[in-house]
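Have a look at the structure below before the remarks.
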There are 2 protein chains.
Amino acid sequence: MTQENVKSRHHHGDLKPALIKAGIDLLEEGGIKALSLRKCAARAGVSHAAPAHHFDGLAGLKQAIAEEGFRLFSQYLKDACDSGHQDPRERLRSLCRGYLQFGLDHPGILAVIFGDQGLASLVQFGGKEKADAYLTLRDVAAPFVAPGQDRLVVETQIWSLIHGFTLLYLAGEFGSPPPPIDEGPLMQVIALLERLDPPSCS
Amino acid sequence: MTQENVKSRHHHGDLKPALIKAGIDLLEEGGIKALSLRKCAARAGVSHAAPAHHFDGLAGLKQAIAEEGFRLFSQYLKDACDSGHQDPRERLRSLCRGYLQFGLDHPGILAVIFGDQGLASLVQFGGKEKADAYLTLRDVAAPFVAPGQDRLVVETQIWSLIHGFTLLYLAGEFGSPPPPIDEGPLMQVIALLERLDPPSCS
DNA sequence: CATGAAACTTGACGGCGTCAAGTTTTGATG
DNA sequence: CATCAAAACTTGACGCCGTCAAGTTTCATG
């Protein structure tokens, strides 16, 4: 018996990822209010002060979780707009469906990603992963940018609309529990985006 | 000397509104994280457990603050879209300006109004006051509802867009500190709404 | 004036984030 | 292999938090 499962008294071995995993589990089970450093530590089988050696306080843990969360978020967006037709309008619809679906499936992670303070974390955290999600949006938005128009404007229009709508949806403004996406008002609302300049034929 | 300033040992007299006021002050000074029952009690010059007799815990206090906050929010919207031209498009622009301005002026109150969980409180809380704000939106949106179209769709399109944009703006996505509203990208982004059906001439 | 309800206080509990100090383990250096 | 400094983790404490239980004061009603 060598040291297969390294679990000595004072060395967990893989504590940092274990804490992140525990935090995500807590989020999925009980939402943003259920996330605490001490509970993560307990789940990882470690003392309450151990996380301090790996994260800069609770904010640091959230930041680490946000990075992981952005990965999942990006995957949702990519999967959504890769599936189905390649028509620009259809891709845009799919992107929005993916955005909303992520919010429905992982409201706790959404809350961490987009921070206690609105979308602040989008700016502060999530370097590569945020960029990844944004690049997907940019890619989908590109055909709707008219010549000479600032693409940032179009991207912001899309982002603002689907983000605001997702929050409304999660809040139960369209019924609790929320209706299935395809029966819901999503398609009607994002139809507004189809009044963007017609997709350039590329 | 009758009992002019009623401040006996065990009867504050006007504790409930005093606590709400203290809570709002805390929000304005330090944002949502600065709000606590104990600090409100201290500011009102009362023991830490006193608020329990007037609110159902912290959630109850937030609910009461949200009602007050909705009043202010409604006022922002009304003032914004009453000032200036009466052209439907101009009124819509003004409404959005007012929405964003409220977020910039009172981010803490916005956080309470729209809850820890997205816009949940919009549904749960804020009876009359919420309705009031929504009716302003409805009024502004009305000219853009095409015959036979569901007005809820148009209202949701407007609401989603401006709400999502406000959160982006507050997050500093357009620079920190945020640029003045009129120089900023607000007008460009909500130009999307001008592609709604042309205002009906009434 | 008596009495019961309402308003408020005091004290305690457990959970939280965080800090300081101590113990164990690791891994590099000689 | 021995040494030793740094890294990993523990224990204990502090203050703040929301909440509950029990006691005291004030008010209003009869």
Side-chain angles (χ1 to χ4, degrees), chain A residues 1-23 25-27 29-66 108 111-112 115-117, chain B residues 1-23 25-27 29-66 108 111-112 115-117:
Chain A
M1 169 171 104
T2 66
Q3 48 191 45
E4 5 195 277
N5 260 349
V6 219
K7 267 215 177 161
S8 45
R9 187 84 186 72
H10 282 76
H11 269 74
H12 177 287
D14 258 338
L15 184 52
K16 189 166 180 176
L19 288 169
I20 295 175
K21 174 68 163 54
D25 289 348
L26 284 168
L27 283 173
E29 292 168 20
I32 184 76
K33 298 186 68 175
L35 180 66
S36 84
L37 278 174
R38 286 174 108 108
K39 276 192 279 195
C40 287
R43 289 214 173 193
V46 110
S47 82
H48 65 262
H53 291 267
H54 297 278
F55 306 103
D56 184 14
L58 181 60
L61 175 63
K62 283 185 178 171
Q63 181 163 340
I65 292 176
V112 168
D116 302 324
Q117 170 66 359
Chain B
M1 169 169 110
T2 66
Q3 48 192 45
E4 6 194 277
N5 259 349
V6 219
K7 267 213 177 164
S8 46
R9 188 84 186 75
H10 282 76
H11 270 73
H12 177 287
D14 258 340
L15 184 52
K16 189 166 178 175
L19 288 169
I20 295 175
K21 174 69 163 53
D25 289 347
L26 284 169
L27 283 174
E29 293 168 19
I32 184 76
K33 298 187 68 174
L35 180 66
S36 84
L37 278 174
R38 288 174 107 108
K39 276 192 279 195
C40 287
R43 289 213 174 193
V46 111
S47 81
H48 66 262
H53 292 266
H54 298 278
F55 306 102
D56 183 14
L58 181 59
L61 174 63
K62 283 184 179 173
Q63 182 163 340
I65 291 177
V112 168
D116 303 325
Q117 172 67 358

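Just so we're on the same page: letters track the sequence lines, and every chain starts at 1. Values below: all heavy atoms of this structure, side chains included; hydrogens, waters and symmetry mates excluded. Given the structure is predicted, the values throughout are model-derived calculations rather than measurements.
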I'd like a table of donor-acceptor pairs (distance under 3.5 Å, sequence neighbours excluded) in which one partner is a side-chain atom from residues 35-50 of chain A, with atom names and distances.
residue: A:Ser36; atom: OG; partner: A:Lys39; partner atom: N; Å: 3.1
residue: A:Lys39; atom: NZ; partner: A:Ala34; partner atom: O; Å: 3.1
residue: A:Arg43; atom: NH1; partner: A:Glu29; partner atom: OE2; Å: 3.1
residue: A:Arg43; atom: NH2; partner: A:Glu29; partner atom: OE1; Å: 2.7

Separation of atom [atom1] in [X] from atom [atom2] in [N], rounded to whole Å:
X	N	atom1	atom2	answer
B:Leu35	D:dG18	CG	C1'	12 Å
B:Leu26	D:dG18	CG	P	11 Å
A:Leu58	C:dC16	CG	P	11 Å
A:Leu61	C:dT18	CG	P	10 Å
A:Lys33	C:dG17	NZ	P	14 Å
B:Lys39	D:dC16	NZ	P	10 Å
A:Ile32	C:dC16	CD1	P	14 Å

| side chain to side chain donor-acceptor pair (under 3.5 Å) involving B:Lys16 - partner list, sequence neighbours excluded |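 B:Lys16: no side chain to side chain donor-acceptor pair (under 3.5 Å) contacts found.
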Please list, chain by chain and in numerical order, all residues satisfying side chain to side chain donor-acceptor pair (under 3.5 Å) with A:Asp56, sequence neighbours excluded.
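Checked A:Asp56 against side chain to side chain donor-acceptor pair (under 3.5 Å); zero matches.
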Return the minimal non-hydrogen interatomic distance between A:Phe55 and A:Leu19, and the atom names on each side.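 Shortest heavy-atom separation between A:Phe55 and A:Leu19 comes out as CE1-CD1, 3.6 Å.
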Report task. Indicate the atoms forming the closest heavy-atom contact of B:Ile20 with B:Ala64, along with that distance. Result ->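 Heavy atoms only, the tightest pair is CD1-CB, 3.8 Å.
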I'd like to check the salt bridge (Lys or Arg N to Asp or Glu O under 4.0 Å) partners of B:Asp14; sequence neighbours left out, ordered by chain and number.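 By the salt bridge (Lys or Arg N to Asp or Glu O under 4.0 Å) rule, B:Asp14 matches no residue at all.
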Nucleotide by nucleotide, nucleotides 1-10 of chain C touches protein heavy atoms under 4.0 Å in the pattern (B base, S sugar-phosphate only, - none) ------SBBB
